[in-house]
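The first residue in the sequence is number 1, and the count goes up from there.
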Amino acid sequence: MSQNPLKKHIQSFQGCLHGGLIKENAEKYRLSENEILDFSANLNPFKTPFDHPEYGLDFMKLAAESYPESYNYPDNRYLKFREAAASFLNSGITSDVRLTMENIIPGNGSTEIIRLFCQCVLDEGDKVILPYPTFGEYEIQCRLQNAEPVYLPQEKIETLTAGELKEIGAKILFICNPNNPTAVLRTREELIKLAKICEESETVLFMDEAFIELSDPAESVCDLAAGSKYIFVMRSLTKCFEIPGIRLGFGIAHPEIANALNNARLSWNLSPLQENVGAALMTMDGGVNSDYLQKSRELILKEANFLKDELSKIWGFKPGVATTNFLLVDISERTIKSTELVERFAKNGILVRNCISFNGLGEDYIRIAVRTRPENEKFIQTIAVVFDEWAKDFADSELKTALTTHKNGQTQNKRETCEYYPCHFDGQDCTFCYCPFYPCKDERGGGKYIQSSKGGQVWSCVDCYVPHIPPVVEKMLEGLMEDGETEDILKKEWEEIILPIMEERDANHVLAVCRKIKEENGKAAKN
């Protein structure tokens, strides 16, 4: 057998996990693409300027104008695009610095810029600092160059010293601002200090500002790149103008660095359509403070805070800061893990980002994009559907486990190791942790309707004792051991075991036990 000619570190290489997998999920769950709401990709919910006639941009006109140019190779200098990018950036710079086209490196999306920079800076074995959690493409592109990642928690960056940087000896420090996936936004003042430390340590500060236009462009440090060879800034048009399929981004660097990168990048990396669309978008009146982008930021801030408020009302959901067009949500208090939760959302036509691929997060986090109010409301409503489905499936799984345990002559009884024990009463039998009759909607057992945080009412079993009384559990298990469909057996048990208790017709005095337990718990609550 012939040997693999690829470099050894490439042979088992794994790519980066991203959101936005609409086609893939549509095929997997047999949904049409227009049935899917994508909360996994962080795009501008205000839609593209092409969807707003008031801005005078016509995509089809640009496409028609680009068509004749497609018969020739593009002008690899990309003068129009680079001039537009410099003008766009200058509209937001408050210092005396003015960028020119000599500072701009055009890219076929921001990922191409990351790869280009890593190819031109890193040698095999070089160290790079990756504060975690952060965007996964930095590590992917560094590993392609066989560089060595040095992982630091994001909080450590705030106290990092020049001495520590020199000791690490890293070629590049990657910073995403606002950070993906945490949405934490660092201030310009913080970053100016960090840039000075990096220059002193001869470590390049790679600033990814892909989301800055949708957050706060005043915190940008793009002007610093003009005067330092140790700061490189990257911007993306994909996010702020909602054009992920057109693939547009660019780098900002010292003229000497930019010139070298422009010579090293792939020739003709932008099509005529890409250049013309990019130039048109970046020359809108106002630049980074155009009416379009200001309204975009206003919408995002409003909807991000709406989502944060609504998610905070749901037990076990802890949303992070609302600074841009996505939220990181901590779900560690829930029993369900992110991989299963994301899959259940997808089955219901909602894509959310599983954060398992972000270093340091594991299966305890999801990331959700900020979309329009009707879409955000649908997402919130779908959470209830997803957890209702999960609870029923979990109850079924627990029931099967209980039956298997019972068949083996074992008992489950109390689960004193459970963090919620006792959730009903001391000494309860936890065989049916999740009631197989939920929601029974029969208030005689102690259950009742309560006000939901989302409006309306939901069925609560918090005051129901019946399925946790040992004699009741024993009877139910005996019945479930019989042959037959589980659904039919449960219906029979409801009628023959549960209803007699609720109707005070139980010959074995289980009702008396239930009343005694309730009475004792009532006294304990008063004390």
Side-chain angles (χ1 to χ4, degrees), residues 12-45 47-48 109-111 133-137 139-140 143 180-181 210 236 238-239 242-247 307 310-311 314 316-317 319 325-332 334-372 374-398 400 434:
S12 58
F13 199 81
Q14 295 294 320
C16 190
L17 179 65
H18 292 290
L21 306 177
I22 295 177
K23 287 184 181 293
E24 186 175 318
N25 282 281
E27 292 171 7
K28 183 176 180 180
Y29 299 109
R30 297 182 179 179
L31 300 169
S32 65
E33 291 182 31
N34 58 15
E35 288 181 273
I36 293 176
L37 271 180
D38 189 5
F39 280 81
S40 69
N42 307 322
L43 303 173
N44 189 342
K47 308 304 288 182
T48 77
S110 57
T111 49
T134 197
F135 186 44
E137 282 290 347
E139 179 168 354
I140 292 296
R143 286 195 178 279
N180 179 12
S236 169
T238 291
K239 320 298 184 194
E242 204 214 20
I243 51 168
I246 298 181
R247 312 307 307 133
L307 276 171
E310 294 301 301
L311 289 168
I314 302 172
F317 273 56
N325 59 324
F326 55 89
L327 289 171
L328 182 68
V329 184
D330 181 342
I331 60 166
S332 58
R334 305 291 308 216
T335 303
I336 192 170
K337 294 300 182 182
S338 63
T339 300
E340 182 180 356
L341 183 59
V342 166
E343 185 174 347
R344 288 180 176 275
F345 268 113
K347 289 178 180 177
N348 282 277
I350 302 278
L351 303 186
V352 297
R353 179 68 157 84
N354 186 359
C355 289
I356 193 171
S357 65
F358 289 101
N359 187 21
L361 295 186
E363 288 197 279
D364 289 332
Y365 292 83
I366 59 171
R367 190 195 68 197
I368 60 170
V370 175
R371 295 182 65 106
T372 63
E375 292 168 330
N376 294 333
E377 287 176 339
K378 183 173 181 180
F379 171 73
I380 296 296
Q381 292 162 5
T382 304
I383 293 176
V385 175
V386 164
F387 277 104
D388 186 50
E389 292 173 351
W390 172 80
K392 289 175 181 176
D393 290 344
F394 190 81
D396 183 58
S397 174
E398 289 285 296
K400 290 174 182 175
Y434 281 76

TODO: Verify side-chain contact (heavy atoms from CB on, under 4.5 Å) between Leu311 and Ile383, making sure each step is shown before the conclusion.
DONE: CA-CA 9 Å; Leu311 289 168; Ile383 293 176; 3.6 Å; yes

TODO: May I ask you to say whether Glu27 pairs ionically with Lys23, meaning some side-chain N is under 4.0 Å from a carboxylate O?
DONE: no

TODO: Could you tell me whether a side-chain N or O of Arg353 sits under 3.5 Å from a main-chain N or O of Phe39, the two making a donor and an acceptor?
DONE: no

TODO: Any chance you could measure Glu340, atom CD, to Glu343, atom CD, to the nearest 0.5 Å?
DONE: 7.5 Å

Open item on the list: Please give me the minimum heavy-atom distance between Ser236 and Ala210, naming the atom from each residue.
Closed with: CB-CB, 3.9 Å

Open item on the list: Distance check, rounded to the nearest 0.5 Å: Leu31 atom CG versus Ile22 atom CD1?
Closed with: 11.5 Å

Task: Minimum heavy-atom distance between Arg334 and Ile314, given as atom pair plus value - done: NH1-CG2, 4.1 Å

Open item on the list: Whether the side chain of Asn325 engages the backbone of Val370 through a donor-acceptor N/O pair (distance < 3.5 Å, no angle test) should be reported.
Closed with: no

Open item on the list: Between Lys28 and Glu24, does any NZ, NE, NH1 or NH2 come within less than 4.0 Å of an OD or OE carboxylate oxygen?
Closed with: no

TODO: Check whether any side-chain heavy atom of Ser338 sits under 4.5 Å from a side-chain heavy atom of Ile331, and report yes or no.
DONE: yes

TODO: List the steps and the verdict of side-chain contact (heavy atoms from CB on, under 4.5 Å) for Phe379 and Leu37.
DONE: CA-CA 9 Å; Phe379 171 73; Leu37 271 180; over 6 Å; no

Open item on the list: For Asp38, is there any backbone N or O sitting under 3.5 Å from a side-chain donor or acceptor partner on Arg371?
Closed with: yes

Open item on the list: Return the CZ to NZ distance between Arg30 and Lys347, rounded to the nearest 0.5 Å.
Closed with: 12.5 Å

Open item on the list: Nearest 0.5 Å, please: how far is CG in Leu43 from OG1 in Thr48?
Closed with: 11.0 Å

Open item on the list: Restricting to non-hydrogen atoms, name the atom on Ala369 and the atom on Ala41 that form the minimum distance, rounded to 0.1 Å.
Closed with: CB-O, 3.3 Å

TODO: Looking only at non-hydrogen atoms, find the nearest pair between Ser32 and Ala26 and report the distance.
DONE: C-CB, 4.5 Å

Task: Exam field: side chain Asn348 to backbone Ile350, donor-acceptor pair closer than 3.5 Å - done: no

Open item on the list: Nearest 0.5 angstrom please: Asn25 CG to Glu35 CD, how far?
Closed with: 12.5 Å

Task: Interatomic distance, Thr134 atom OG1 to Phe358 atom CZ [nearest 0.5 angstrom] - done: 8.0 Å

- [ ] Run the numbers on Asn354 and Leu341 for side-chain contact (heavy atoms from CB on, under 4.5 Å), then give the verdict.
- [x] CA-CA 9 Å; Asn354 186 359; Leu341 183 59; over 6 Å; no

TODO: Take the angle between the ring planes of Phe317 and Phe387 and call it parallel below 30°, perpendicular above 60°, tilted in between.
DONE: perpendicular

Task: Other residues, nucleotides, ligands: >12 heavy atoms within 6.0 Å of Lys337 NZ - done: yes

TODO: Identify the residue among Asn42, Leu361, Leu327 that makes a side chain to side chain contact (heavy atoms under 4.5 Å, CB included) with Arg367.
DONE: Asn42

Task: Under 3.5 Å donor-acceptor, Thr238 side chain and Arg247 backbone - done: no

